2 protein chains.
Amino acid sequence: MLDFTHDPAAQSWVASAQLPGCDFTLQNLPLGVFVPEGRDPHPRGGIAIGDQVIDLARLAASGLLAEPAAAACRVAADSTLNAFMAMGKQSWRALRHGVFHLLSSQADGRTQEQMRACMLPLRQADMKMPVDVRNYTDFYTSLHHAVNVGRVMGRENPLTRNFQWLPIAYHGRASSVVLSGTGFRRPNGQSATAERAAPAFGPCRRLDFELEMGFFVGPGTQLGEPLPLAQARDRIFGMCLLNDWSARDHQFWEMDPLGPFLGKNFCTSISPWIVSMEALAPYRVAFDRPAGDPQPLPYLQDAADRESGSLDVHLEVCLQSRRHRAQNLPGDRLTATSFRHQYWTIAQMLAQHTVGGCDLRSGDLVGTGTISGPTQDQAGALVELSRGGTLAVSLPGTGETRTFLEDGDSVSIKGWCEKPGFARIGFGECRGEVLPALDFGVA
Amino acid sequence: MLDFTHDPAAQSWVASAQLPGCDFTLQNLPLGVFVPEGRDPHPRGGIAIGDQVIDLARLAASGLLAEPAAAACRVAADSTLNAFMAMGKQSWRALRHGVFHLLSSQADGRTQEQMRACMLPLRQADMKMPVDVRNYTDFYTSLHHAVNVGRVMGRENPLTRNFQWLPIAYHGRASSVVLSGTGFRRPNGQSATAERAAPAFGPCRRLDFELEMGFFVGPGTQLGEPLPLAQARDRIFGMCLLNDWSARDHQFWEMDPLGPFLGKNFCTSISPWIVSMEALAPYRVAFDRPAGDPQPLPYLQDAADRESGSLDVHLEVCLQSRRHRAQNLPGDRLTATSFRHQYWTIAQMLAQHTVGGCDLRSGDLVGTGTISGPTQDQAGALVELSRGGTLAVSLPGTGETRTFLEDGDSVSIKGWCEKPGFARIGFGECRGEVLPALDFGVA
């Protein structure tokens with residue numbers, strides 16, 4: 001389903017969109033919500049191009065877009081993208097195609113001038129949460145992550161038997177999903193001690209990041225209405241980067257039998273720009289289920305999903321410590337992998353989510369679970385990279401090491417798609433900094 | 001902290017509020033949201049008294065209340081109670097006390113006449129969700145339930161070691177919380193089969209209810225701001241009845257390692273009337289932690305919570321099958337117990353919820369977990385009453401038996417407080433009916 005908006009030869013008159021390594025190319029056009037610095041404080045929708053952002057409220061008022069793109073733009077200009085997500089695929093496409101034409105080097109001088117009046121530099125845009133997250137679900141779809149963590153937990157069979165049969169998930173906490181750039185305090189909590197002793201209470205000693213992607217639900221569903229796999233694809237609006245910060249000591253103590261709670265709900269960070277599934281279409285890839293693994297049950301498979309349900313998104317995590325910042329160093333790379341290694345596709349996740357009748361709302365956030373590739377250096381969390389804290393991970397820039405995160409550590413996730421014959425599609429960055437724990441006093 | 005509103009001798013001029021067994025006495029005054037049948041379709045807040053409901057929009061306009069009760073009433077008249085919950089304890093009390101005076105038999109004839117103009121019969125009130133549930137958390141605080149279920153699951157130690165150290169919880173699904181009276185389809189899903197075989201897919205064969213209570217968060221908290229136990233008490237607005245319907249076969253297959261997901265998120269029912277903590281004050285009781293059990297860590301205990309943190313709410317569950325209805329029978333009682341047997345108090349639950357920094361929003365719903373008393377006939381779920389489906393539970397009215405729920409079964413939870421020297425405080429009813437599964441076709 002590629003069209004003219006995927007043509008890598010298409011250029012924009014916005015010069016910065018043509019620079020090598022630019023995330024926000026003409027072929028991308030991700031959506032976010034922002035406040036223009038020092039002006040009208042009302043948040044509004046925006047589209048990123050190069051180092052600029054298009055103010056959709058101004059674009060909607062400009063008369064530059066024809067229907068149905070104009071109607072879509074009016075809704076996308078809202079203070080959250082929930083209503084725009086509810087409009088569905090035709091409206092999403094209309095806006096993306098309409099803006100593509102206006103930004104293309106084919107646009108005439110007068111159009112470019114009018115468009116410039118709707119734009120401001122990205123550095124003047126104060127980014128806000130793009131969505132009012134009503135529900136947040138986190139999946140667990142990397143086999144490599146599941147095996148790595150199962151080993152750390154000392155499980156006899158590191159992979160649970162259900163893993164290959166269904167995309168495992170749990171409900172996360174919607175209230176504590178925050179935008180990239182938000183710092184959070186190291187959480188206090190209980191952790192296990194020797195058998196029969198009282199648990200310890202205090203600041204987390206095994207604070208971790210989790211490299212994930214998130215996706216957003218478009219049109220919602222009714223309670224009792226399962227979404228077949230083939231329809232699930234079209235209900236997904238787009239994707240972002242996600243860091244599901246984890247307090248491993250608290251998590252491992254509390255999670256038997258009902259799963260993670262405080263170990264995960266103190267903060268979850270997302271990147272501000274949402275890349276549409278249409279922009280990602282050139283990077284769809286087949287999922288190669290390892291030979292000998294069971295085939296999914298019928299409701300979790302079809303030819304289209306098998307042939308192009310995965311996505312080849314390159315992902316990297318960098319850690320910048322206080323010492324890095326003191327020395328003006330950018331931070332060291334901890335891991336790099338691709339989203340294509342996940343064992344279940346995002347359409348399978350949504351089909352599974354609704355198969356029992358659970359309803360979805362527009363703007364619901366779904367995490368993919370930690371993304372770990374097949375090798376040790378491709379793992380998506382410190383608990384795996386440090387093998388449960390037994391192996392020091394080097395930060396060559398400063399000569400420091402880490403087993404888990406320290407106060408002042410800033411973790412940055414970046415992601416992008418790139419291959420010969422296609423334009424680069426980038427996600428920008430998801431960053432968060434660990435602030436010292438609150439002195440709890442009482443315990 | 002008892003005052004004149006707890007005086008059992010106080011009577012209302014609303015005659016039905018004095019009838020024996022009336023849930024909605026003058027001392028109760030629970031809040032809900034409703035639409036007056038056949039009139040203005042806009043939902044608005046209401047207070048139940050006897051067999052009547054006070055339309056708070058009309059009361060706010062009547063001029064009958066003085067400030068600050070009038071201001072509280074204007075906010076409580078909204079289409080959800082979230083904003084009223086955010087106002088805090090002083091406003092909640094002002095409205096309850098103000099309405100108490102207006103409904104008391106001390107009120108003069110003209111006041112009674114004006115109040116009558118603000119009221120309608122409960123049977124003409126179409127009840128709506130009282131709250132926009134932004135986040136739903138479910139605890140697991142009955143030791144008896146935990147032991148019963150651990151045994152059914154074949155655990156060597158039925159009680160996990162963390163149980164006595166912290167109130168265990170998991171995040172539930174907010175979108176699928178529905179009002180009492182809403183039917184739901186039996187969910188489809190995967191369940192375990194013999195080792196090495198593919199899991200089965202189809203309608204749930206072990207559909208269960210869970211007898212719970214719910215409580216609502218008043219003023220919210222900021223991310224990173226723990227709520228000390230002593231403050232947690234005043235942040236709780238009130239309580240309702242809750243049924244956390246569960247698909248045991250799906251749940252037990254999926255829940256290792258991340259907890260319940262589809263086994264719980266197809267439907268959660270709540271009763272329409274929220275009873276304030278102030279109305280419940282006479283029924284506060286001490287929690288008797290069994291001798292020899294570990295004392296809670298300092299952040300989870302204080303004298304006030306120990307002495308009066310539990311609540312003596314009598315709870316019953318009835319099942320009305322299709323056959324009961326065909327024979328005009330009211331249904332048979334499955335179980336009866338009290339909320340006082342829970343191992344953790346609701347203030348402890350809220351203190352635990354926020355200790356790591358997780359933020360709360362006004363109107364967040366918190367479930368207490370299944371409420372099972374110490375004896376087998378006090379268990380709060382069929383999986384316990386039938387010992388994992390091995391023991392048939394009798395329905396004497398029709399001569400039927402149950403191990404799990406069948407299509408057409410309607411389950412009703414009722415709850416009330418009653419003791420000599422105090423007025424009865426009732427919760428009304430939380431009811432739901434099992435509709436047949438959707439024919440899934442594909443699998």
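As a basis for the values below, the full set of heavy atoms in this structure was taken, side chains included, without hydrogen atoms, waters or symmetry mates. In what follows, chains carry the letters A, B, and so on, assigned in the order in which the sequence lines appear, proteins first and then strands, with residues in each chain numbered from 1. Keep in mind the model is a prediction, meaning the values are calculated, not measured.
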Atom pair OG1 (A/T354) and CZ (B/F266), whose distance is rounded to the nearest 0.5 Å: 14.5 Å
Contacting region of B/L258 [heavy-atom separation from chain A under 4.5 Å]: both
Heavy-atom pairs under 4.5 Å with chain B, option from A/V178, A/D256, A/L435, A/D132 with the top count: A/D256
Closest contact, heavy atoms only, A/H171 versus B/N265: NE2-ND2, 3.2 Å
Side-chain (A/N135) to main-chain (B/R173) donor-acceptor, under 3.5 angstrom: no
Within 6.0 angstrom of B/R205 CZ, more than 12 heavy atoms from elsewhere: no
Residues forming a side chain to side chain donor-acceptor pair (under 3.5 Å) with B/Q352, sequence neighbours excluded: B/Y299
Considering all heavy atoms, the nearest B/A197-A/W165 contact: O-CZ2, 4.5 Å
When A/G189, A/P203, A/G224, A/P260 are compared by non-hydrogen pairs under 4.5 Å with chain B, the top option: A/P260
Beyond-backbone contact of A/Q190 with B/L300, side-chain heavy atoms, under 4.5 angstrom: yes
Max heavy-atom pair count under 4.5 Å with chain B, selected residue of A/E225, A/Q164, A/R155: A/R155
Close side-chain approach of A/L438 to B/P226, heavy-atom, < 4.5 Å: yes
Side chain, backbone, both or neither of B/V149 within contact of chain A (heavy atoms, under 4.5 Å): neither
Leading residue by heavy atom contact count with chain A [cutoff under 4.5 Å; candidates B/G357, B/P187, B/G356]: B/G356
Non-hydrogen side-chain atoms of B/R161 and A/W253 separated by less than 4.5 Å: yes
Chain B interface, residue from A/V355, A/N188, A/N162, A/L229 that has the most non-hydrogen pairs under 4.5 Å: A/N162
Heavy-atom contact with chain A under 4.5 Å, split by part of B/D364: side chain
B/P199 portion near chain A, given a 4.5 angstrom heavy-atom threshold: both
Residue part contacting chain A, namely of B/I168, when any heavy atom lies under 4.5 Å: side chain
Exercise: do B/D359 and A/S175 side chains pair donor with acceptor under 3.5 Å: yes
Contact origin within A/P257 toward chain B - heavy atom pairs under 4.5 Å: both
Residue part contacting chain B, namely of A/T137, when any heavy atom lies under 4.5 Å: side chain
Top contributor to chain A contacts, counting heavy-atom pairs under 4.5 Å, from B/T182, B/L223, B/L166, B/D138: B/L166
Ring center gap for A/F261 and B/H353 short of 6.0 angstrom: yes
Heavy-atom contact with chain A under 4.5 Å, split by part of B/R186: neither
